[in-house]
Number of protein chains: 2
Amino acid sequence: MSSVAIQSRAIYIAIMTQTPPLQPEANLDPFEDFLCFSVYSTGLAFNRIYKPLLDRLGLTYLQYLAILGLAQKDDQTVSELGEKLFLESNTLTPLLKRLEAAGLVERRRSAEDERVVRITLTDKGRETAAEARCVPGELVEATGVSIESIAELNRELKALRTQLRGG
Amino acid sequence: MSSVAIQSRAIYIAIMTQTPPLQPEANLDPFEDFLCFSVYSTGLAFNRIYKPLLDRLGLTYLQYLAILGLAQKDDQTVSELGEKLFLESNTLTPLLKRLEAAGLVERRRSAEDERVVRITLTDKGRETAAEARCVPGELVEATGVSIESIAELNRELKALRTQLRGG
DNA sequence: CGCATTTAGATCGCACACGATTTAATCACT
DNA sequence: AGTGATTAAATCGTGTGCGATCTAAATGCG
């Protein structure tokens, strides 16, 4: 059994808490030591925490993020929104059609460039966005994680994401 | 437009870097300040980094995690594996059937309790697991994130996940 | 102008996630 | 032993993510 070869452009993004390279024989617990798994499973946990709150707004987690993104700036293109969310049209187009069907956004081809689709929030969409902004305030600190340490965690994750995306 | 009511059991899980409660008028940038989004988008970035490496093993990201989980301990039940991955049978059953179809695992009903399905790695599955363990070693540090800071980040994420899951 | 190239979205197929429900087996308790 | 509750896994429907491909519009360039 051969180990997979090292890539030519040696990106190394701190993936785990143990020093690479790993030997197959190493006795490690992947789900404790792999940062990628901590990020993955924390994402699942966030999704589950948000879901009951977003259900009342009739939004999924991604739809919630999209609505917040649209509320930031009116009349964005699909690509523009995609840059904020780190997603592309293959994910956003169906999502935006669902939001349109729900009466929260309008999709219109640009007059200057017919390739471009511009998204605007409807009145109902703006109301939903305002409610969506209140959702995080509902999740209230129970134990000892301070706002400061969360801010720090957020900074670290953003730096990591930037590295993962190639700087 | 009504703000959503505070829940009776006031869980607050530090969700963002600004102090709640948020007013709808607050001029914030959700995608910079929301920890949930940093976790979400970092997860997407991890997925994309891993994909080309896992493609060579013929595994998806979740299949990779599942194989590593199965390699830790032989003859696990679906529920046992689910506890490691924070997933349930509605996600794992189809995934395990795909791994079975690929010849990497075997699924067998327990003789003692016919409700239980036990999963074992085949020889091919163990080979794949050994290769899978080498994958993180391929992702090599390019810039200034040290193993120590990654270990710290990992600890913080795990603590956060624990809180999100209700302690 | 003519035509290849590029670009923005859309479409398609596959694999997750997850709430809700179903099935079948076991347990609890009388 | 009987039966209602519980449990483990499977099934189903909806909504992401994403690689690959497609379409149509705009651009570049001789």
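First the proteins, then the strands, lettered A, B, ... as listed; each starts at 1. Atoms considered below: every heavy atom in the structure, side chains included; atoms not considered: hydrogens, waters and symmetry mates.
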If an axis is fit to five pairs at each end of the helix from C:dC1-D:dG30 to C:dT30-D:dA1, what is the angle between the two, to the nearest 10°? 10°
Between the main-chain N or O of A:Gly69 and the side-chain N or O of A:Gln76, is there a donor-acceptor pair closer than 3.5 Å? yes
When you measure from the side chain of B:Thr77 to the backbone of B:Arg118, do you find a donor-acceptor pair of N or O atoms at a distance under 3.5 Å?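 Checked: no pair found.
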So B:Tyr64 and A:Phe34, would you call those rings parallel, tilted or perpendicular, with 30° and 60° as cut-offs? tilted
Round to a whole Å and report the spacing from CD of B:Gln76 to C1' of D:dA8. 15 Å
Taking all atoms of both residues into account, what is the closest heavy-atom pair of B:Arg48 and A:Phe86, and its distance? NH2-O, 2.7 Å
Protein-to-nucleotide contact annotation, 5' to 3' order, nucleotides 15-25 of chain D [B base; S sugar-phosphate only; - none; under 4.0 Å, heavy atom]: SBBBBB----B
Taking the side chain as C-beta and beyond, is there a heavy-atom pair between [X] and [Y] under 4.5 Å?
X	Y	result
A:Leu104	A:Leu70	no
A:Ile67	A:Leu57	no
A:Leu87	B:Leu44	yes
B:Leu99	B:Leu96	yes
B:Thr91	B:Leu62	yes

Taking any atom closer than 4.0 angstrom to a non-hydrogen atom of chain A, what span of DNA chain C does the protein reach, first nucleotide to last?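 Terminal contacting nucleotides, 5' to 3': C:dT7 to C:dG19.
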Using a 4.0 Å heavy-atom cut-off across all strands, classify B:Arg118 as base, sugar-phosphate, or nothing.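 Nothing, no heavy atom under 4.0 Å.
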State plainly whether the residues A:Glu152 and A:Arg155 are in salt-bridge range, i.e. N to O under 4.0 Å.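 The answer is yes: the pair qualifies as a salt bridge.
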